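Here's the structure we're looking at; comments come further down.
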Amino acid sequence: MRFDLVTLHPEMLVPVAAGGILRGAQDKGLIEIHLHDLRLFSPDEHGIVDDRPFGGGAGMVMRPEPFARALEAIAAAAGRRPYAVLLSPQGVRFTQQVAQDLARQPALALLCGRYEGVDERVVALCDLELSIGDYVLAGGELAAAVVLETTARMVPGVVGRHESAATDSFYSGPKLGYPQYTRPRVFRGMEVPEVLLSGDHEKIRRWREREAWRKTLRNRPDLVGLSLPPTPTG
Ligand code: ADE
């Protein structure tokens, strides 16, 4: 699968593409990652990519032309039109299911906005406007990194069978993962639950099931149709 990321700050995404699971997936030939500097697609000789908003208001808006040109250049290089996604806080919510759907595309372009916003005609050029959550980042770069890694994990072969089964169990059912423990048996006075040392697989399975539901009700009651407290920290 081919990923093209279009951004004013490619330097933010270089380490993301260069390490960890994404490095391994590229080395195995399972994915390609191409970073593009949006400024290079500006029709303006000074590389200007933003302008004041029609109708007035504070801040600057990103112009549509550099994004349009970037998408055309990517389509030419990839030999096909990529599925184009604009990262923005106004987008539909990114989930594991969205990642799984995106991973079926042969080519995905992730466009990162900055400033106060992006000209709405960029949305029209894209197939999807996507938000990673209900908060506002300074730009789409970190959101693109999240979508890139999550989607790449869904490309067959990128993660081992064990890890992909664990992901499946997270997003196929409403409950979260169960608590995990490793050595030492006692850490700063906190003991590993006795049942995990019992060797009784049926008892362990039932304990994990119960603890997973307990954690779900405590941290994510919305997953089972209950309401969340206004803020967990308040
Ligand atoms: N750009 C700024 N905030 C964002 C968010 N929450 N998701 C995607 N892109 C963004």
Side-chain angles (χ1 to χ4, degrees), residues 1-17 20-22 31 33-39 41-42 48-54 57-71 74 82-105 107-155 167 170-171 219-220 222-223 228-234:
M1 177 173 180
R2 177 181 168 123
F3 294 88
D4 289 88
L5 286 77
V6 180
T7 163
L8 282 174
H9 295 285
E11 76 283 359
M12 286 179 72
L13 292 162
V14 167
V16 173
I21 199 172
L22 294 175
I31 64 168
I33 303 174
H34 301 271
L35 303 179
H36 307 273
D37 185 343
L38 182 67
R39 254 181 234 294
F41 299 98
S42 169
I48 292 172
V49 293
D50 61 337
D51 210 333
R52 287 171 313 189
F54 277 122
M60 300 294 270
V61 174
M62 294 182 81
R63 294 160 62 175
E65 184 72 23
F67 284 111
R69 290 182 175 209
L71 280 176
I74 292 165
Y83 188 86
V85 173
L86 174 69
L87 282 314
S88 113
Q90 283 81 39
V92 299
R93 177 74 71 84
F94 184 58
T95 62
Q96 194 69 49
Q97 184 60 56
V98 173
Q100 207 182 23
D101 294 345
L102 291 178
R104 280 198 280 272
Q105 297 290 339
L108 179 65
L110 300 174
L111 311 187
C112 305
R114 280 258 148 187
Y115 306 116
E116 271 56 54
V118 175
D119 187 302
E120 194 64 18
R121 289 164 293 186
V122 177
V123 178
L125 292 176
C126 289
D127 299 288
L128 186 64
E129 188 176 11
L130 198 57
S131 165
I132 62 162
D134 294 341
Y135 40 80
V136 181
L137 299 161
E141 287 75 16
L142 296 180
V146 167
V147 173
L148 169 63
E149 180 169 300
T150 312
T151 304
R153 289 184 72 258
M154 296 289 95
V155 171
T167 309
F170 172 77
Y171 69 86
N219 291 352
R220 295 293 308 278
D222 56 305
L223 292 179
L228 281 166
T231 63
T233 49

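Everything numeric here is computed off the predicted structure, so don't read it as measured data. Every number for a ligand or one of its atoms is a count from 1 in the order of the listing.
- Looking at residues two or more places apart in sequence or on another chain, you find no salt bridge (Lys or Arg N to Asp or Glu O under 4.0 Å) involving Arg39.
- A 4.5 Å side-chain heavy-atom check between Asp4 and Leu110 finds every atom pair outside the cut-off.
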Donor-acceptor contacts, no H, no angles, side chain residues 59-70, under 3.5 Å, sequence neighbours left out:
{"residue": "Glu65", "atom": "OE2", "partner": "Arg69", "partner atom": "NE", "Å": "3.1"}

Practice task
Kindly determine whether Ile33 and Val16 satisfy side chain to side chain contact (heavy atoms under 4.5 Å, CB included), including the steps that lead there.
Solution key: CA-CA 10 Å; Ile33 303 174; Val16 173; over 6 Å; no

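- Listed by chain and residue number, nothing satisfies the side chain to side chain donor-acceptor pair (under 3.5 Å) test with Glu149 (two or more places apart in sequence, or in another chain).
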Which atom pairs, nitrogen or oxygen on both sides, join ligand 1 and the protein at under 3.5 angstrom?
{"residue": "ligand 1", "atom": "3 (N)", "partner": "Leu137", "partner atom": "N", "Å": "3.0"}
{"residue": "ligand 1", "atom": "6 (N)", "partner": "Gly133", "partner atom": "O", "Å": "3.1"}
{"residue": "ligand 1", "atom": "6 (N)", "partner": "Tyr135", "partner atom": "O", "Å": "2.8"}
{"residue": "ligand 1", "atom": "7 (N)", "partner": "Ile132", "partner atom": "N", "Å": "3.0"}
{"residue": "ligand 1", "atom": "9 (N)", "partner": "Ser88", "partner atom": "N", "Å": "3.2"}

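- Side-chain contact between Val147 and Val85 is absent, with no heavy-atom pair separated by less than 4.5 Å.
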